[in-house]
Structures are given as structure tokens and as C-alpha cells.
Amino acid sequence: MEDKSPPGDTITFLGTAGARFMVTRQLLASGGLWLNLSGTEMLIDPGPGCIVQATKRKLKAEKLSAIILSHRHLDHSADVNIMVEAMTQGGFKRRGKLFAPADALETEPVIFSYLRHYLEGIEVLQEGKSYSVGNVSFATPVRHIHPVETYGMLFRTAKHTFSYIADSRYFDGLCKCYGSDLLIMNVVFLEPRPPTDHPLMPADHLSAPDAEHIIMELKPRVAILTHFGMGMWRGKPWEIAQRLSEKTGVKVIAARDGMRFDLAQLDNS
Ligand SMILES: [Zn+2]
């Protein structure tokens, strides 16, 4: 029997691993976020294993209207080529858009040139711009502080707003860009790390104390933490989320691999 209920807004966490060791060892899955917003399906940051996690969860790539990359790092883009192939049914159906920062597309593109022709279009993400896909619009309000060109996103659907704070060092002005009903944040570190130029010691990520500060500033209805590094994972993200809930008075959830969040939950939070 067909489901006649109107399509709602859901976000599926294909994976919750962040940064190198959690991803290379697959201690948690990786693969990004799959959005279904009133029937418009979009994929954000298809990290390693996205194709596996998506098919395992019966998500159909041929229904995607867009793939969005916050930045070119492997844990956000590794499966972009196979996902474009899947979205376009091996290139037999020219459809779907790819959104990415210029440096993911230019000197050393993350997408193979032969696959570009399968797409309906490629749009370059830029600071302060807005984009639309079907009946959904999103903005990339500010360039993040991260070793490569990186943007977070603020989405507007008919009923809800939600933001995705992708990888970034905390900076003044980050908060003011992402006020929304639901806040999703990539929280890699348990503790803040001092800035460093050392290529093997990346420091440009949010920590649990940064997350607390951002939640206090923005007071969303719900905040979801994801993209956990090793320290966060050892610190038990669900316990950290519980503590942050108590401290901030905001419902804070630690994402789990495969978790599907229904935005209707925001209406009674
Ligand atoms: Zn990154």
C-alpha cells in the first residue's frame, strides 16, 4: 500500500566518524548526511563508504537532486565520484547538481572530468551566496577557518531551518551565521587545540567546549553533534551530549551511525 502521508523532512547520518583515524579504521562509519526535505533528496559530504552506507539503508541515489561538498578533504568527498555515477544511473540520465567550493573543482578536482558531463550542472560555493534545489534553498554564509576552502550551510525548507557547521576552527562571527531551529555540528575534538601550521597536527576543528559556547549563543531547539575524532569517541559523545544538554538547557543529541532525525521533532521541542 502506498504511503499517502505528505513527505516530511528527515536527515539520515550515514556515518559519524570525523578526521583521519576514526575514518581510516572505520571505528565509526563515514559517509555524510542524506537529506530528504519534503521529497527533495540531497547528499552532503559523501565520505568513504557513502555508497555502502546509503545502499545498506535503502536510500536511492537515483532520487538525489544534488550532492553538496563542504570542502575537499577525503572524509567529506571520497565517494563523490561513485555517488555522481549512482545519481545519474551510470550517466544514462543526465541529472542532479554538484555544489562544491572552487578549490575542490579547480587545480586538483575531486570529481573526474568524464563524470562532469553526467551532471545537470556544477555550482561553485562562495561566501555569502544562496542556492536552490527543488523547493529547498540553502546559503553558505561564511568561509570557515580550515586548511582548505570550506563552507557550512544554512537550509530553509517550507517548515524548518537547520544549519550544518562543517569543519572549522572556532572564530568570532561563526555563530551569527547559523541561527536555526536545528544545529548540526562537526565536533572533532574533546578539548580545544592551539593553532599550529604542522601538516600532521591539524587543529582547525571544533571542540566540545566550542560546541557548548555555540549552543549557548544560538539556542537552537535541538543540537546534534557528529563527525567525532578519536578523543571525542573515547569521551563517549552521548555522555558529552547529556552534559551539554544540562549545561545549556538545549536538547543536545550525539548522532549515531544510521540515525534518522525527523525534523517534525523540532515542533515539540
Ligand atoms: Zn576537513
Side-chain angles (χ1 to χ4, degrees), residues 13-34 42-50 53 67-81 83 98-111 124-127 138 140-154 163-171 173-175 177-178 183-211 214 224-233 237 254-255 257:
F13 292 77
L14 295 175
T16 57
R20 284 167 296 173
F21 298 115
M22 293 301 289
V23 174
T24 55
R25 295 173 190 165
Q26 289 287 294
L27 297 173
L28 292 168
S30 50
L33 306 174
W34 191 291
M42 285 178 280
L43 173 63
I44 303 177
D45 285 350
C50 180
Q53 300 302 331
I67 298 173
I68 308 169
L69 304 185
S70 65
H71 65 298
R72 61 175 294 127
H73 280 157
L74 257 186
D75 50 338
H76 298 256
S77 71
D79 271 14
V80 67
N81 288 295
M83 294 313 293
L98 174 68
F99 296 85
D103 90 336
L105 300 168
E106 287 171 0
T107 36
E108 187 188 34
V110 297
I111 172 110
V124 178
L125 298 178
Q126 288 177 296
E127 183 173 71
F138 72 95
T140 45
V142 66
R143 183 172 173 165
H144 286 190
I145 299 178
H146 203 55
V148 298
E149 188 181 1
T150 305
Y151 301 100
M153 290 137 222
L154 178 60
S163 43
Y164 166 56
I165 303 184
D167 296 7
S168 185
R169 162 167 289 278
Y170 180 80
F171 58 95
L174 181 69
C175 287
C177 296
Y178 292 112
L183 175 62
I184 300 167
M185 266 184 290
N186 286 354
V187 184
V188 171
F189 296 144
L190 188 60
E191 297 295 339
R193 289 190 193 176
T196 165
D197 289 332
H198 195 293
L200 294 178
M201 290 293 286
D204 292 335
H205 286 289
L206 296 177
S207 63
D210 293 329
I214 294 168
I224 302 178
L225 316 179
T226 186
H227 208 60
F228 306 123
M230 190 70 85
M232 270 298 278
W233 181 237
D257 288 349

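Just so you know, ligand 1 is whichever comes first in the structure, and atom 1 is the first atom listed for that ligand. Since the model is a prediction, treat every value here as computed from it, not as a measurement.
- Annotation: cation-pi geometry satisfied between Arg193 and Phe189 (NZ/CZ under 6.0 angstrom from ring centroid, within 45° of ring axis).
- Using a 4.0 Å cut-off between charged side-chain N and carboxylate O, Arg72 and Glu149 make no salt bridge.
- Looking at Leu174 and Ile214, their side chains come closer than 4.5 Å, going by heavy atoms from C-beta outward.
- Checking Asp75 against the Zn ion (ligand 1), every N/O/S atom stays at or beyond the 2.8 Å cut-off.
- Side-chain contact, Asp257 with Thr16: a donor N or O sits under 3.5 Å from an acceptor N or O.
- Not a single N/O/S atom of His205, whether from backbone or side chain, sits less than 2.8 Å from the Zn ion (ligand 1).
- Checking Asp210 against His205 by side-chain atom types alone, no donor-acceptor pair falls below 3.5 Å.
- Within the coordination shell of the Zn ion (ligand 1), defined by N, O or S atoms under 2.8 Å, His76 is absent.
- Atom ND1 is the N, O or S atom of His73 at the shortest distance from the Zn ion (ligand 1).
- Looking at Asp167, its N, O or S atom nearest to the Zn ion (ligand 1) turns out to be OD2.
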